[in-house]
Protein chains: 4
Amino acid sequence: MTHADNAEKNLAPRPRAGRPRSAESRRAIIQSAMHILQNDGYAALNIEAIAARAGVSKQTIYRWWASAAFIVLEALTADMPAQEGLAPDTGSLKGDLLELIRPTVRALSSRRGPVYRALIAESQADARFAEAFRTSLMAAHREVVRAIVARAQLRGEVPFEADADLAADLIYGPILYRLLNGHAALDETFAFDLVDATIVALRNRESGVKRAAEAAE
Amino acid sequence: MTHADNAEKNLAPRPRAGRPRSAESRRAIIQSAMHILQNDGYAALNIEAIAARAGVSKQTIYRWWASAAFIVLEALTADMPAQEGLAPDTGSLKGDLLELIRPTVRALSSRRGPVYRALIAESQADARFAEAFRTSLMAAHREVVRAIVARAQLRGEVPFEADADLAADLIYGPILYRLLNGHAALDETFAFDLVDATIVALRNRESGVKRAAEAAE
Amino acid sequence: MTHADNAEKNLAPRPRAGRPRSAESRRAIIQSAMHILQNDGYAALNIEAIAARAGVSKQTIYRWWASAAFIVLEALTADMPAQEGLAPDTGSLKGDLLELIRPTVRALSSRRGPVYRALIAESQADARFAEAFRTSLMAAHREVVRAIVARAQLRGEVPFEADADLAADLIYGPILYRLLNGHAALDETFAFDLVDATIVALRNRESGVKRAAEAAE
Amino acid sequence: MTHADNAEKNLAPRPRAGRPRSAESRRAIIQSAMHILQNDGYAALNIEAIAARAGVSKQTIYRWWASAAFIVLEALTADMPAQEGLAPDTGSLKGDLLELIRPTVRALSSRRGPVYRALIAESQADARFAEAFRTSLMAAHREVVRAIVARAQLRGEVPFEADADLAADLIYGPILYRLLNGHAALDETFAFDLVDATIVALRNRESGVKRAAEAAE
DNA sequence: TAATAATCGAGACGGTACGTCACGTCTTGGA
DNA sequence: TCCAAGACGTGACGTACCGTCTCGATTATTA
């Protein structure tokens, strides 16, 4: 999204005139937003509260972010570089997926849960944020799955017709479902089940060709 | 949940004193809520707008519903009786699942989409609504899957260890994921993929016993 | 002006539905506005401060008044009925004018001064308020002069061609001038001077006819 | 006032170090302020708008002027030298006063009106500006009247007891009154009326001595 | 020919108040 | 009892200007 992009650009080497953006304010805003979100919940996360806690004017927030959700998104993506290339590489598809999913499930069932629930809820009300969220955080998560599947294809663990995008849906879909709907726990057993289900689905080579024929019937 | 329950009770034959509840107002409120949600989106759905459009006082709304989301939920559950016993019975697991999923996906990609997106978003902010939504609509959807799987087990299409709950997660999880995140279309191809993935996962009998052993390693 | 008019009407016999306007809030708002104006000055008179001091919501203020100046105007005009028919009647033009001007000058050089200075200043920035101010307060003041002059004409103290409107300008103009510009005191001597000047101007019968001729030259 | 004074001094030959003040910026600022005031009104006259229109930084404005009103005042006083010694000298009191008032009234009823209305309004909110305005522009205007009256006294047209200050009040007071209150037009007829009223008031020799006696009664 | 000094544009900053929106509650009179 | 109308206190919204504060660049005088 434009706002967040500008923010990052303006903090990068800045050849332009005028007082430079305050890195201190930016940090205080992001920290305040996360603090309020984690402690008081998303309902309490509003611009006035963030500004007050960060000792910052509302205008400064609005100058760089379109809404509180964008601040949270930036807080999450700012951590990402450290996690980059984080696609685990254990040598086996099952190992990789478990290495990916178990920490994910663990984080979402504790402190990360409320954050993602809030951002997904916000996505339903704000199309501009939805796009930013989808193309940054969510896309990054899906990309990891795609990388894992690609390696498994090279190793011959799954056929080349295997649909990596479907795999990402089969992993993150149910996780999201349990996170948002709360009908069952996000626990280890669930992680194992998801991995198994995803692997057998990837190995099932019907996907491409045969399916098209069926649909045509 | 209490409010919605009262609503239904109060419409049933009830010998209480005073002026009876206006069925006309109830209908107008529900229709207005759905109209606003479908046309102007979740962000525009508020009590004030519903009251204005329904020609009803805000008080009347607050008397019978706890929030706009409960109105929408009532609109959906009021339609349910007509769809009840909707678990399709084609004679095969694949047929049943397709019969279930294809219309679901079709509805969600058109007029039902905004409605479910709104209710799930609301669930993240309101725990009381979340419970109502989960135990009514969502539970009903999952129950259909469970019935289909049970029949498949009786037919011997899938082992008795097959996890019907996981099957529901594998079906509705990815659907929800695409609905909420919008990274890919909710189309026919997706429905076929989901059905295939779910079936191979159900047939994979590792699920229960072996898994526990692995986790213990 | 519409806002102020409605306010008065709605406090009068009200045959309409809905919760009636709170006379208590109205009183608290007007009193708070006057208190702030008298103690902290016009610069400190803003809607937020009035609302806070009156224990009232901003919305309630905006519902009935277009700006703080209108509240002050209502405070002044609400006192007017008590002063109505206040055109003094001493039996002589000079007596009447003195009876009118001396208290005016005295009030403006003490507590009324800041109030009128504020309202006139506001009139320069807000055309809608300017009209309200002119047609209520200012018009009432001018009307008193007109009544005094009319009686003097009947008594034969001044010719019938005497211009009562000009008399009002000659009285209130210089008073306003000193009030706003502050180049000299608003004192008793000034009141006497104004009365004398106004009287001789009224007796000077050139006004109408001869002037037109001159202008045509 | 200090700011404005500095402004003028700093433009005069001054051997201070550093980059000299930009005459170009000063001109642009003054012109922009006048343009906004004349076209968009007093309410739209703010530093931000002036800076934007002049293509100048806000800092530059704040460095040389204390508020927008001072800029306007400087715009008017910068024109004054050209008008200096403007006390008309037609040989008769009436001629002089007409020569003075008619152009004044004409200017105020067209382009000068908004300007003076703004400055007088500002004077009510800012005591420091009020003093600057009173002792520069307003004092100059009053001085002209005093000079005219002095010549009339030498000619014997009015007694030596005639109060020139009162004359200035009788002229500028009503003009200001109509300008600010807008209850009647600033036209030729009004100019004639004012002149006549002022002359008869000046000729009425009661003013000083007798009045004191009356007041003591 | 530097060093010093003041100004300039640009533009971000902490503030204050604005006027609006929706909330959920509360009187009214009437059905 | 319920209903519509609609006023009420509350809290947050996003915006407009305020006056101040860096920046890098520019243009003078002084050493």
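The structure displayed is predicted, hence computed values, not measured ones. Here is the naming used below: chain letters follow the sequence lines, and residue numbers restart at 1 for every chain.
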Exercise. Which whole-number value in Å describes the distance from C/Tyr62 OH to E/dA22 P?
Worked result: 17 Å
Problem set entry | F/dC3 phosphate, OP1 or OP2, under 4.0 Å from B/Trp64 side-chain N/O | yes
Exercise. Between atom CD1 in A/Ile61 and atom P in E/dA12, what is the gap in whole Å?
Worked result: 15 Å
Problem set entry | Spacing of A/Ile61 atom CD1 and A/Arg26 atom CZ [to the nearest 0.5 Å] | 13.0 Å
Exercise. Got a sec, which residues hit side chain to side chain contact (heavy atoms under 4.5 Å, CB included) with C/Ala68, two or more places apart in sequence or on another chain?
Worked result: C/Leu45, C/Ile47, C/Ile50
Seminar exercise, completed: Walking DNA chain F from its 5' end, the first of C/Val56 and D/Gly18 to be reached, judged by nearest nucleotide, is C/Val56
Problem set entry | Separation of A/Met34 CE from A/Ile71 CD1 (nearest 0.5 Å) | 11.0 Å
Problem set entry | Reported NE2-to-CD1 distance for the pair C/His35 and C/Ile30, which is rounded to 0.5 angstrom | 15.5 Å
Problem set entry | Phosphate OP1/OP2 of E/dA10 contacted by A/Arg19 side-chain N/O (<4.0 Å) | no
Exercise. Can you list every pair that meets salt bridge (charged side-chain N to carboxylate O under 4.0 Å, His left out) and has a residue in residues 31-45 of chain D, with sequence neighbours left out?
Worked result: none
For this session: Considering just the side-chain nitrogens and oxygens of B/Thr60, establish if one lies under 4.0 Å of OP1 or OP2 belonging to F/dA4.
Result: yes
Problem set entry | Options F/dT20, E/dG9, E/dC26, nucleotide nearest the side-chain atoms of D/Lys58 | F/dT20
Exercise. Between E/dT7 atom C1' and D/Arg26 atom CZ, what is the distance in whole Å?
Worked result: 16 Å
Exercise. Please give, in whole Å, the distance from E/dC8 P to D/Arg21 CZ?
Worked result: 7 Å
Problem set entry | Helix axis bend for the helix from E/dT1-F/dA31 to E/dA31-F/dT1 - C1'-based end axes, five pairs, 10° rounding | 10°
Exercise. Counting side-chain heavy atoms from CB outward, which of F/dT22, F/dC8, E/dA10 is closest to A/Pro20?
Worked result: F/dT22
For this session: For B/Gln31 and B/Arg27, test the side chains for any donor-to-acceptor distance below 3.5 angstrom and give the result as yes or no.
Result: yes
Exercise. If you look at every heavy atom in A/Ala69 and A/Leu119, which pair is closest and at what distance?
Worked result: O-CD2, 3.9 Å
Seminar exercise, completed: Taken to the nearest whole Å, CD/A/Gln59 to P/E/dT16 is 15 Å
For this session: Could you tell me whether the phosphate oxygens of E/dG19, OP1 or OP2, come under 4.0 Å of any side-chain nitrogen or oxygen in C/Ser67?
Result: no
Seminar exercise, completed: To the nearest angstrom, the CZ-C1' distance between A/Phe70 and F/dG14 comes to 15 Å
Problem set entry | Side chains of C/Leu73 and C/Trp65 in contact at under 4.5 Å (non-hydrogen atoms) | no
Seminar exercise, completed: A/Arg63 CZ to F/dG14 C1', in whole Å, measures 14 Å
For this session: Round to the nearest Å and state the distance from C/Ile36 atom CD1 to E/dA17 atom P.
Result: 11 Å
Problem set entry | Residue D/Ser22, side-chain heavy atoms: nucleotide from F/dC21, E/dC8, F/dT27 that is nearest | E/dC8
For this session: Taking salt bridge (charged side-chain N to carboxylate O under 4.0 Å, His left out) as the test, write out the residues that go with B/Arg53, two or more places apart.
Result: none
Exercise. A/Ser57 side chain N/O closer than 4.0 Å to the phosphate oxygens (OP1, OP2) of E/dT16?
Worked result: no
Problem set entry | Strand-adjacent residues in residues 39-52 of chain D, judged by heavy atoms under 4.0 Å from DNA chain E | none
For this session: Please list, chain by chain and in numerical order, all residues satisfying side chain to side chain contact (heavy atoms under 4.5 Å, CB included) with A/Ala54, sequence neighbours excluded.
Result: A/Ala28, A/Ile29, A/Ser32, A/Val56
